[in-house]
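Comments concern the structure below.
No hydrogens, no waters, no symmetry mates; every other heavy atom, side chains included, goes into these values. Note on naming: letters A, B, ... go to the chains in the order of the sequence lines (proteins, then strands), and numbering restarts at 1 for each one.
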Amino acid sequence: ILNVEQSPQSLHVQEGDSTNFTCSFPSSNFYALHWYRWETAKSPEALFVMTLNGDEKKKGRISATLNTKEGYSYLYIKGSQPEDSATYLCAFGGGADGLTFGKGTHLIIQP
Amino acid sequence: ETGVTQTPRHLVMGMTNKKSLKCEQHLGHNAMYWYKQSAKKPLELMFVYNFKEQTENNSVPSRFSPECPNSSHLFLHLHTLQPEDSALYLCASSQDLLKFRGAEAFFGQGTRLTVV
């Protein structure tokens with residue numbers, strides 16, 4: 001059974017502050033690490049797909065890093081805005097046809 | 001219009017009922033997936049189809065029966081479910097199987113299933 005852990009489970013952040021959270025995954029048989037944003041009543045939406053150790057990806061104020069040797073990825077949000085409130089899921093691709101997901105980090109931005 | 005559409009959005013069914021969940025993707029993708037999310041659990045992969053062929057069954061009980069008539073449509077047929085099967089069922093698609101580097105999943109909004 002693959003173990004994908006995300007921390008923290010939930011996070012309250014003041015508007016304008018920056019924040020980050022963690023995904024840990026198996027360091028063997030790595031194919032890809034995905035990050036998805038899931039807003040309430042919507043579909044999960046892909047943020048990043050990272051495949052190489054040391055990958056850094058950025059989309060606006062959101063960025064992610066990847067360390068496949070030690071099995072972790074960080075997601076950073078700079079200058080949080082209310083529209084960033086969502087659950088952030090990471091998912092590990094280890095060679096199976098589908099992905100193994102973590103439980104997510106539930107982020108709430110407080111005005 | 002979303003790329004992946006699921007119907008119905010909500011479903012309440014009795015334990016002796018038979019119902020089906022439908023998923024349709026308009027993205028020209030070759031792979032489709034069923035995931036289940038129970039309360040306080042991560043998304044759990046149920047089934048994977050690639051070019052209409054099932055490639056993965058993640059030890060799912062036989063009361064869940066998938067069907068993929070073509071690359072654009074995926075069904076999940078439900079019969080004699082248990083209350084513990086109540087969950088959010090999400091469909092996803094991808095251009096290639098997610099094990100291939102760079103492939104990303106596109107999700108529907110899910111069907112919220114309640115078994116009474």
Side-chain angles (χ1 to χ4, degrees), chain A residues 1-10 21-26 28-55 57 59 64 66 68 86-106, chain B residues 1-6 9-10 23 25 27 29-51 53-60 66 68 74 88-112:
Chain A
I1 297 177
L2 296 173
N3 214 24
V4 179
E5 299 285 345
Q6 291 190 245
S7 64
Q9 266 190 300
S10 66
F21 25 94
T22 309
C23 173
S24 63
F25 52 86
S28 60
N29 205 34
F30 175 87
Y31 275 64
L33 193 284
H34 295 223
W35 281 100
Y36 291 85
R37 176 168 57 202
W38 194 0
E39 295 177 68
T40 303
K42 294 189 176 180
S43 316
E45 191 177 273
L47 285 172
F48 305 113
V49 178
M50 296 187 285
T51 58
L52 297 174
N53 185 41
D55 256 356
K57 300 258 182 172
K59 187 183 283 190
L66 178 67
T68 61
T87 296
Y88 291 82
L89 301 174
C90 80
F92 171 73
D97 290 347
L99 299 173
T100 301
F101 281 82
K103 287 185 181 180
T105 292
H106 183 53
Chain B
E1 178 195 311
T2 62
V4 180
T5 304
Q6 288 187 244
R9 293 290 306 281
H10 300 271
C23 176
Q25 57 98 357
L27 300 167
H29 289 169
N30 300 315
M32 296 187 78
Y33 312 79
W34 280 115
Y35 277 90
K36 172 185 177 182
Q37 190 184 44
S38 306
K40 299 189 180 179
K41 287 191 175 181
L43 287 174
E44 297 173 272
L45 181 66
M46 299 176 75
F47 302 104
V48 181
Y49 278 82
N50 192 37
F51 291 100
E53 299 299 319
Q54 187 180 119
T55 64
E56 200 160 320
N57 175 339
N58 208 20
S59 303
V60 180
C68 189
L74 185 64
L88 180 70
Y89 290 84
L90 279 169
C91 172
S93 70
S94 58
Q95 182 62 54
D96 299 305
L97 287 170
L98 290 167
K99 68 179 178 182
F100 294 112
R101 298 174 192 272
E104 73 178 61
F106 291 75
F107 284 88
Q109 289 184 276
T111 295
R112 174 70 63 185

Is it the side chain or the backbone of [X] that comes within 4.5 Å of chain A heavy atoms, both, or neither?
| X | value |
| --- | --- |
| B:L45 | side chain |
| B:Q6 | neither |
| B:A103 | backbone |
| B:F106 | neither |

Would you say [X]'s side chain and [Y]'s backbone share a donor-acceptor pair under 3.5 angstrom?
| X | Y | answer |
| --- | --- | --- |
| B:N30 | B:Q95 | yes |
| A:T105 | A:P8 | yes |
| B:Q54 | B:F47 | no |
| A:K59 | A:L47 | yes |

Which atoms of [X] approach chain B - backbone, side chain, both or neither, heavy atom under 4.5 Å:
| X | answer |
| --- | --- |
| A:Y36 | side chain |
| A:A41 | backbone |
| A:L89 | side chain |

Next on the checklist: The test is side chain to side chain donor-acceptor pair (under 3.5 Å); show your working for B:E56 and B:N58 and say whether it passes.
Outcome noted: CA-CA 6 Å; B:E56 200 160 320; B:N58 208 20; 5.4 Å; no
Item to check | Any side-chain donor near an acceptor of the partner, B:N50 and B:T55, under 3.5 Å | outcome: no
Next on the checklist: Looking only at side-chain N and O atoms, does B:S94 offer a donor or acceptor that is under 3.5 Å from a partner on B:H29?
Outcome noted: no
Item to check | Contact winner vs chain A - B:R9, B:R112, B:K41, B:Q37, heavy-atom pairs under 4.5 Å | outcome: B:Q37
Next on the checklist: Counting heavy-atom pairs closer than 4.5 Å to chain B, which one of A:G98, A:G93, A:A32 comes out on top?
Outcome noted: A:G98
